[in-house]
Amino acid sequence: MDVTPEIFHGVADITGDSLALARRAAETDAEIIVLCGVHFMAETAKLMNPEKTVLIPDIEAGCSLAASITGRDVRLLRERFPGVPVVTYVNTSAEVKAESDVCCTSANAVKVVESLGADRVIFLPDEYLGKYVASKTGVEIILWMGHCEVHERFTAEEIRELRRGYPGVYVLAHPECPPEVLAEADFVGSTSGMIQRVGESGASRVVMITECSMSDNVAVEHPDVEFIRPCNLCPHMKRITLPKILDCLERLEPEVTIDPSVAARARRAVERMFEI
Ligand code: SF4
């Protein structure tokens with residue numbers, strides 16, 4: 001969702017968040033998938049489409065959340081908190097997913113944690129999403145200090161200033177934002193939740209506190225709504241450009257590969273989420 005509009009509306013066959021892309025790619029007859037997003041998204045597509053060739057236009061397109069934790073970190077946490085289940089956000093490497101019990105998205109994190117029926121859960125790697133889940137459940141959440149470098153830059157004062165400058169503005173925020181920002185929002189929800197809410201709210205003026213290309217992409221669908229755009233761009237997503245997509249299609253590389261033993265365990269964690 002965070003790629004620029006010329007990719008989102010211009011050349012993509014399928015659009016959506018990382019899981020929707022991975023699942024819908026599995027439904028096509030195409031043998032080659034070009035994942036126009038960051039590396040963990042391409043890995044997730046490969047996990048769900050092991051027989052297909054998955055390409056990424058820029059292999060260096062990373063993510064601060066995915067980079068905040070390794071498989072070894074998860075093994076050390078398990079040693080420190082024996083028997084405590086590990087729930088891992090999809091914004092992680094396949095290696096980290098492979099060490100986890102179950103994955104989650106920002107849309108289903110609360111449901112996944114509650115489904116485990118545990119008093120304590122290790123939630124990785126987004127501290128703010130973990131705190132949000134803790135606020136919505138009675139579960140004790142053991143946090144990791146990973147942050148999205150885009151969402152962590154928003155401040156509560158910025159939201160208050162937006163309200164002063166744009167009276168009546170409806171504020172939607174992503175749970176990767178710091179808790180004090182979420183406290184200022186009218187609605188807190190995942191990417192898909194925010195998009196749905198824009199339509200349902202009936203608001204004529206909205207601000208989406210998330211990566212700014214998403215507002216650009218959603219605004220196209222709602223020409224009657226005024227979108228206020230405080231712009232925090234994801235530098236990793238912006239590595240994906242039309243010339244790189246063309247180059248990737250012509251050369252059929254770089255290809256995303258995952259060690260089969262890692263892939264099998266990581267796929268299991270993703271599939272458990274789908275079962276929930
Ligand atoms: S917007 Fe944040 S979570 Fe998404 S890829 Fe960029 S750094 Fe990662």
Side-chain angles (χ1 to χ4, degrees), residues 1-5 7-8 12 15-22 34-47 54 56-70 73 87-97 100 103-109 123-133 143-155 158 172-179 181-182 185 188-195 207-218 229-241 244-245 254 256 270:
M1 302 292 303
D2 299 343
V3 289
T4 49
I7 298 173
F8 189 87
T15 57
D17 60 23
S18 55
L19 273 188
L21 292 176
V34 179
L35 199 300
C36 298
V38 297
H39 194 263
F40 80 81
M41 298 171 74
E43 274 194 336
T44 308
K46 181 67 181 174
L47 285 179
V54 176
I56 183 168
D58 188 331
I59 199 88
E60 301 291 323
C63 166
S64 64
L65 271 175
S68 73
I69 189 162
T70 64
D73 292 327
V87 177
T88 294
Y89 194 25
V90 286
N91 296 29
T92 46
S93 65
E95 182 205 8
V96 167
K97 289 184 178 77
S100 308
C103 286
C104 73
T105 65
S106 53
N108 64 24
F123 189 93
L124 307 172
D126 189 322
E127 179 197 1
Y128 298 143
L129 180 60
K131 283 185 171 169
Y132 175 73
V133 171
L143 298 164
W144 187 255
M145 297 298 151
H147 297 143
C148 162
E149 66 186 79
V150 176
H151 290 91
E152 74 172 346
R153 290 209 299 270
F154 291 107
T155 64
E158 199 177 347
L172 304 99
H174 192 280
E176 286 174 13
C177 294
V181 171
L182 302 186
V188 177
S190 63
T191 302
S192 52
M194 279 196 279
I195 292 169
V207 57
M208 300 176 86
I209 304 300
T210 187
E211 210 276 346
C212 63
S213 292
M214 200 180 110
S215 287
D216 294 340
N217 292 325
V218 177
R229 296 177 182 138
C231 201
N232 285 352
L233 272 172
C234 176
H236 310 292
M237 285 286 186
K238 297 307 163 287
R239 293 182 80 106
I240 307 301
T241 62
K244 286 184 190 170
I245 294 171
V256 174
V270 176

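Remember, it's 1-based here, ligands and their atoms both numbered in the order they're listed. Keep in mind that the numbers below use all heavy atoms, side chains included, and drop hydrogens, waters and symmetry copies. Note that the structure is predicted; figures quoted are calculated from it, not measured.
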Which atoms of ligand 1 have any heavy atom of S64 under 4.0 Å away?
7 (S)
With a 4.5 Å limit on heavy-atom distance, are the side chains of T44 and K97 in contact?
yes
Out of all atoms in ligand 1, which are within 4.0 Å of some heavy atom of N91? Include the element for each.
3 (S)
Return yes when E176 approaches ligand 1 closer than 4.0 angstrom through a heavy atom, no otherwise.
yes
Kindly say whether R229 contributes a backbone atom to a donor-acceptor pair with the side chain of S215 at under 3.5 angstrom?
no
Given 3.5 Å as the limit, does a donor-acceptor pair link the side chain of E43 with the main chain of A94, or not?
yes
Quick check on contacts: which atoms of ligand 1 are under 4.0 angstrom from a heavy atom of V150?
1 (S)
Short question: side chain of W144, backbone of D73 - any donor-acceptor pair under 3.5 Å?
no
Please determine if atom 8 (Fe) of ligand 1 has an N/O/S atom from C63 lying under 2.8 Å away.
yes
State whether K238 and E211 are salt-bridged, where the test is any N-O pair (Lys NZ or Arg NE/NH1/NH2 against Asp/Glu carboxylate O) under 4.0 Å.
yes
With a cut-off of 2.8 Å, does any N, O or S atom of C234 fall short of it relative to atom 6 (Fe) of ligand 1?
yes
